[in-house]
Amino acid sequence: MRRFLEKFLSMPNGYTKGRYRGRTYGVTVEISADGHRRKLFAEELGGGDHVSFNLYLLDGKPPQLKPCEMPTQKVIDFVEGFSADA
């Protein structure tokens, strides 16, 4: 989970294109005004795959990962394996 957190927290707010497992994805990261919630929505461009989750960073509590109707491992694998275009 540590690698996932480091990689996700380094992703910029906004839209990015990149690759995961040889396929191209459009990724949008939204950070709430107070910084306590980060949301990611990724969709495969030209395909049907997607990844969506919220991460809650609440004071004094461990990070809470909330995938949107998909396995947690899919979310972790995507973030750790995603490579943004230069």
Side-chain angles (χ1 to χ4, degrees):
M1 181 68 121
R2 181 181 175 142
R3 182 172 176 215
F4 164 82
L5 285 172
E6 287 175 359
K7 184 122 186 229
F8 181 54
L9 294 176
S10 72
M11 294 175 85
N13 196 30
Y15 182 80
T16 305
K17 279 177 61 176
R19 300 192 57 77
Y20 172 68
R21 294 188 177 173
R23 297 180 283 176
T24 303
Y25 284 78
V27 177
T28 302
V29 174
E30 296 178 13
I31 303 171
S32 65
D34 63 8
H36 292 284
R37 183 184 60 81
R38 292 175 181 244
K39 175 182 177 179
L40 178 140
F41 180 78
E43 61 183 336
E44 181 185 4
L45 302 178
D49 191 32
H50 74 279
V51 177
S52 181
F53 67 91
N54 290 289
L55 179 69
Y56 296 92
L57 303 166
L58 305 172
D59 295 333
K61 294 185 180 183
Q64 296 177 16
L65 177 60
K66 302 290 184 178
C68 300
E69 300 181 13
M70 64 189 54
T72 299
Q73 194 60 51
K74 179 177 180 173
V75 166
I76 292 170
D77 291 346
F78 180 82
V79 169
E80 290 181 355
F82 178 76
S83 178
D85 291 347

Hey, what do you get for CD (Glu30) to CG (Asn13), rounding to the nearest 0.5 Å?
-> 7.5 Å

If you measure from OG on Ser52 to CD on Glu43, what distance do you get to the nearest 0.5 Å?
-> 10.5 Å

Considering all heavy atoms, the nearest Arg23-Glu44 contact = CD-OE2, 2.9 Å

Nearest heavy-atom contact between Gly35 and Leu57 is O-CD1, 4.1 Å

Verify side chain to side chain contact (heavy atoms under 4.5 Å, CB included) between Phe78 and Val27, making sure each step is shown before the conclusion.
-> CA-CA 11 Å; Phe78 180 82; Val27 177; 3.9 Å; yes

Does anything in residues 58-71 pair up under side chain to side chain donor-acceptor pair (under 3.5 Å), and if so which pairs, sequence neighbours excluded?
-> none

Spatial distance of atom CZ (Arg38) from atom CG (Asn54) [nearest 0.5 Å] | 12.5 Å

Minimal heavy-atom distance between Val75 and Pro67, with the atoms involved, is CG2-CB, 3.9 Å

OG1 of Thr72 to CZ of Phe53, rounded to nearest 0.5 Å, is 10.5 Å

Only one of Leu40, Thr16, Ile31 passes side chain to side chain contact (heavy atoms under 4.5 Å, CB included) with Met11, and that residue is Leu40

Say whether Val29 and Tyr56 are linked into one hydrophobic cluster, either directly or through other cluster members, by side-chain heavy-atom distances under 4.5 angstrom.
-> no

Side-chain donor-acceptor distances from residues 3-10 under 3.5 Å, at least two apart:
| from | atom 1 | to | atom 2 | distance (Å) |
| --- | --- | --- | --- | --- |
| Glu6 | OE2 | Arg2 | NE | 3.1 |
| Lys7 | NZ | Val79 | O | 3.4 |
| Lys7 | NZ | Glu80 | O | 3.3 |
| Lys7 | NZ | Phe82 | O | 2.4 |
| Ser10 | OG | Glu6 | O | 3.4 |
| Ser10 | OG | Lys7 | O | 2.8 |

Atom of Asp49, atom of Lys74 and distance for their closest heavy-atom approach = OD1-NZ, 2.7 Å

How close do Gly26 and Tyr15 get, heavy atom to heavy atom, and via which atoms?
-> CA-OH, 3.4 Å

Could you give the distance from OH (Tyr25) to CZ (Arg19), rounded to the nearest 0.5 Å?
-> 10.0 Å

